Amino acid sequence: MKKSKDGIKLASPKVRKFARELGANVVQIPGTQRAGRVSEEDVKNFIKSQVTVNKGSIEKKEYKEEFSHKEFGEIELKDIPRVKRLSGPQLVRSWTEIPHVTQHDEIDVTEMEQFRSSLYDYYSGELIKVTPLAFIAKALVSALKEFPNFNASIDPNQNKIIYKKYFHIGFAVDTPHGLMVPKIRNVDQMSIKEIGEALKKTSKLCRELKIDKKDFFGGSMTISSLGGIGGTFFTPIINPPEVAILGVGKSFDRLVKIKNKIISRKILPISLSYDHRIIDGAEGARFCVYLGKCLGKDFAFKLAV
Ligand code: CAO
């Protein structure tokens, strides 16, 4: 950076004033004039390259790539889908502002899975198809009751923690338009079957873009289940103003030795991300252990609430 002999960056008082008015420090602006002198044009270019332009809800920064992509082969330009454009800034805010911790764990869901696949309607005798997610939602509500810090939000204006007395669970729904996270209200008052039905109904509304905007707000905690697709552990991003999110992978069979016998057990991988400003690691671990109990061999006692 070129400076005058006495170490002060070269720029006319007019340019200095112009930079100051735009909130820029002239010392940081690269000058293109003789001896590194900063011109008004330099100030404008600097501001353009630094400032985050807010166009509605889209955050757009200008980046200058050294080489254009098309210099390396054929490319195609497409618009970012609307839902992704809207959720992008929210994801950036979460990732950059919240100190995330992600804890991975495995839950033995053998008994729960046996029960789930043997569910029949009492009156019609028909098989009831409920995915593991409905059980996981029920278990999550139980864990939220036990660990209220997970059913909370930070109020940054008053420097307080808001504890929610309701249990509205958010579900990440994969749609052709992008990811949506609607809430299912009062899950604590629903049966497993009702949760299963609400899941189907709500995800259909999302995929058909018929969901009410308000249904994306006011959640306790979110479940992001990739269990119907595949994979084990991942690092889910918290959906603010919530303070935690539960990621669920696809359950798999594992051979284990119990009482000198090798038997097959069904294992569910989970990934819990939480806001470390509110939740400590020990509490995160306890939460996972508790969830394990709710979905483990005594699930029927734990979930019968
Ligand atoms: N382990 C094993 N199998 C599972 C499972 C798990 N954890 N979770 C679901 N399955 C099975 C279901 O039982 C179902 O099996 P059948 O076809 O035999 O009935 C199948 O996988 C498909 O389930 P599903 O995904 O349709 O239903 P769901 O209730 O589990 O999930 C929904 C509903 C809306 C959450 C899901 O459709 C979806 O959109 N998932 C993607 C979420 C996502 O994108 N998360 C990432 C967010 S971060 O970018």
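Bear in mind that the values here come from a model prediction, so they are computed numbers and not experimental data. Every number for a ligand or one of its atoms is a count from 1 in the order of the listing.
- Of the candidates T175, V248, T131, it is T131 that places a heavy atom closest to atom 29 (O) of ligand 1.
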Show your reasoning for whether ring-ring contact (aromatic ring centres under 6.0 Å, His included) applies to F287 and Y274.
CA-CA 11 Å; F287 191 88; Y274 51 85; 8.7 Å; no
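- Between S203 and ligand 1, no pair of N/O atoms sits closer than 3.5 Å.
- Atom 39 (O) of ligand 1 has its nearest heavy-atom neighbour, among I136, T235, I245, D174, in D174.
- With distances taken over non-hydrogen atoms, the option nearest atom 40 (N) of ligand 1 out of S224, C206, S225 is S225.
- No side-chain donor-acceptor contact under 3.5 Å links Y166 and N151.
- Atom 25 (O) of ligand 1 is approached by the protein to below 4.0 angstrom, counting heavy atoms only.
- Where the criterion is an N or O separation shorter than 3.5 Å, residue side chain and backbone included, G249 meets it with respect to ligand 1.
- Ring geometry for F135 versus F299: interplanar angle over 60°, hence perpendicular rather than tilted (30 to 60°).
- Checking P182, G228, A172 against atom 22 (C) of ligand 1, the nearest heavy atom belongs to G228.
- Side-chain N or O atoms of D215 include none that pairs as donor or acceptor with a backbone N or O of K183 at under 3.5 Å.
- Looking at K250 next to ligand 1, no N or O pair under 3.5 Å apart turns up.
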